[in-house]
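Keep in mind it's a predicted model, so treat the numbers as computed, not measured. Residue numbering restarts at 1 for every chain, and letters A, B, ... go by the order of the sequence lines.
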There are 2 protein chains.
Amino acid sequence: MESTTPTLSRKAQIDQTATALFRQRGYAATSMRELAAALGIEAGSIYSHIRSKEELLHRICFRVADEFMAGLRTATVDDLAPAAVHLRRAIDSHVRVLIRDTDASAVFLHEWRHLSEPALSEFVQLQRGYEAAFRDMIARGVADGALRTPDPAFATLTLFASLTWLPNWYRPDGKLNPDQIAERLTDQLLGGLATGDHLPT
Amino acid sequence: MESTTPTLSRKAQIDQTATALFRQRGYAATSMRELAAALGIEAGSIYSHIRSKEELLHRICFRVADEFMAGLRTATVDDLAPAAVHLRRAIDSHVRVLIRDTDASAVFLHEWRHLSEPALSEFVQLQRGYEAAFRDMIARGVADGALRTPDPAFATLTLFASLTWLPNWYRPDGKLNPDQIAERLTDQLLGGLATGDHLPT
DNA sequence: TTAATTTGCTAACGAACGTTAGGAACCAGT
DNA sequence: ACTGGTTCCTAACGTTCGTTAGCAAATTAA
């Protein structure tokens with residue numbers, strides 16, 4: 001009954017520490033010797049667990065990407081629901097992923113460009129598809145009158161801007177929970193959701 | 001070869017090329033040899049014009065910071081105008097700086113953390129003051145009823161998020177000019193302004 | 001007990017890094 | 001003709017980089 005077992009494998013510890021360092025100092029500016037020091041071991045020892053520095057970045061970026069994609073899929077499985085509902089669910093899911101692991105999210109958002117081919121192209125493609133899905137939901141929501149904004153394309157940009165900025169300010173002990181953040185975003189950027197009254201103008 | 005006279009001094013060329021590279025690949029991932037190659041010279045030659053790599057980053061960051069601060073000062077010199085007008089002018093100025101040099105702005109926004117002390121602290125302090133000024137303008141605009149938002153603090157975050165995101169999508173040949181971008185931002189994030197406000201250029 | 005796996009070390013590799021020294025060509029103004 | 005500034009070169013410096021090889025201790029599985 002070891003209640004204090006190391007719940008994280010060494011490899012997972014490396015991933016976690018690397019994530020924090022990559023976020024704090026940037027991927028390119030983080031050396032393997034720094035990472036090793038943060039783990040309390042020597043640089044060479046890391047290579048008993050991973051193949052390369054970039055493998056660390058790759059795993060972080062694509063794991064977070066998977067989480068975003070899975071959330072989007074879950075939010076939009078029921079084709080019957082109106083676009084605005086899909087969008088609200090998708091934003092909520094996105095915010096929850098961001099909040100669950102702000103470090104990994106920040107790395108995902110800012111350090112992916114240091115991936116090399118072919119991973120880089122694969123990543124960009126995932127990203128493009130994800131953004132396109134949001135653009136579509138917003139466009140359809142505006143088209144059917146549930147969302148109100150003078151410029152759907154601009155609203156999409158603003159939404160992604162706000163989502164990307166979130167890891168910069170979010171603190172777990174803040175006053176807003178994930179659901180409230182998602183609500184604020186939807187309200188502020190898209191005139192809220194249809195609550196019975198939907199009237200352009 | 002030189003059909004056009006070099007309107008830019010060599011030092012200015014280095015600054016410009018470094019700005020583009022720092023933006024594209026990141027400060028830490030850009031080597032002096034890369035920079036030299038982009039300029040068509042050898043790495044050592046750069047040091048006839050600058051003292052260090054960080055000096056390049058320092059100059060870029062603080063030059064853009066100066067432009068932002070100057071714009072804010074100009075936008076708010078007339079103490080009589082309502083806060084909402086100050087804000088609208090400040091946003092407009094900010095957008096114009098971002099657009100005038102998107103490369104330098106992107107470096108300013110994303111690479112400043114690679115500054116070392118004491119420049120780093122100085123930079124962060126400038127940044128804090130700048131953001132506080134916007135927070136105040138928004139708060140006062142909401143207080144006097146000119147701006148409408150359910151959560152002024154959140155609106156401030158969203159505004160900065162959108163401003164920070166701008167260099168990521170802005171293209172000079174796009175359909176929105178600076179003034180329209182500033183207008184969209186104010187409208188979308190802050191319920192617009194009282195009508196009839198005209199901007200100094 | 002034995003075998004395999006996990007984990008870590010020391011020492012070093014070749015490559016790339018930022019930077020410097022010292023010299024040479026060019027150009028401007030005197 | 002001389003001077004001072006600008007520009008760039010080659011060659012190298014000491015350092016740090018990501019990574020590997022080879023070995024050893026500890027832990028786990030059989």
Next on the checklist: Can you measure E42(A) atom CD to dT20(D) atom C1' for me and round it to whole angstrom units?
Outcome noted: 15 Å
Checklist entry - Less than 3.5 Å between a donor and an acceptor, one on the side chain of S45(A) and one on the base of dC9(C), is that the case here? => result no
Checklist entry - For I50(B) and G44(A), take the nucleotide of DNA chain C holding the closest heavy atom to each; which residue's nucleotide lies nearer the 5' end? => result G44(A)
Checklist entry - Would one find a side-chain N or O of R10(B) under 4.0 angstrom from OP1 or OP2 of dC8(D)? => result yes
Item to check | Phosphate OP1/OP2 of dT20(D) contacted by Y47(A) side-chain N/O (<4.0 Å) | outcome: no
Item to check | Modelled atom types, side-chain donor and acceptor of T30(B) and E34(B), under 3.5 Å | outcome: no
Item to check | Whole-Å distance separating the CZ atom of R33(A) from the P atom of dA11(C) | outcome: 14 Å
Item to check | Nearest-angstrom distance from the residue atom CD of E55(A) to P of dT20(D) | outcome: 11 Å
Checklist entry - What is the distance, rounded to the nearest whole Å, between atom CD1 of I41(B) and atom P of dA25(C)? => result 19 Å
Checklist entry - Taking only side-chain nitrogens and oxygens of H49(B), does any of them come within less than 4.0 Å of OP1 or OP2 of dT6(D)? => result no
Checklist entry - Are H94(B) and Y130(B) close enough that their ring centres sit under 6.0 Å apart? => result yes
Next on the checklist: Within the structure provided, determine whether Y27(B) and V107(B) are in side-chain contact (heavy-atom separation under 4.5 Å).
Outcome noted: no
Checklist entry - M32(A) has an atom CE; how far is it from atom P of dA12(C), in whole Å? => result 21 Å
Next on the checklist: Can you measure K53(A) atom NZ to dC17(D) atom P for me and round it to whole angstrom units?
Outcome noted: 9 Å
Next on the checklist: Counting only heavy atoms not in Q125(A) (residues, nucleotides, ligands), do more than 12 fall under 6.0 Å from its CD?
Outcome noted: no
Item to check | Rounded interatomic separation in angstrom, taking CG from L21(A) and C1' from dG18(D) | outcome: 16 Å
Next on the checklist: Just the rounded figure in Å: distance from P of dC17(D) to CG of L35(A).
Outcome noted: 12 Å
Checklist entry - Is there side-chain contact between P152(A) and R135(A), with at least one heavy-atom pair below 4.5 Å? => result no
Next on the checklist: Less than 4.0 angstrom between a side-chain N/O of S48(A) and OP1 or OP2 of dG8(C), yes or no?
Outcome noted: no
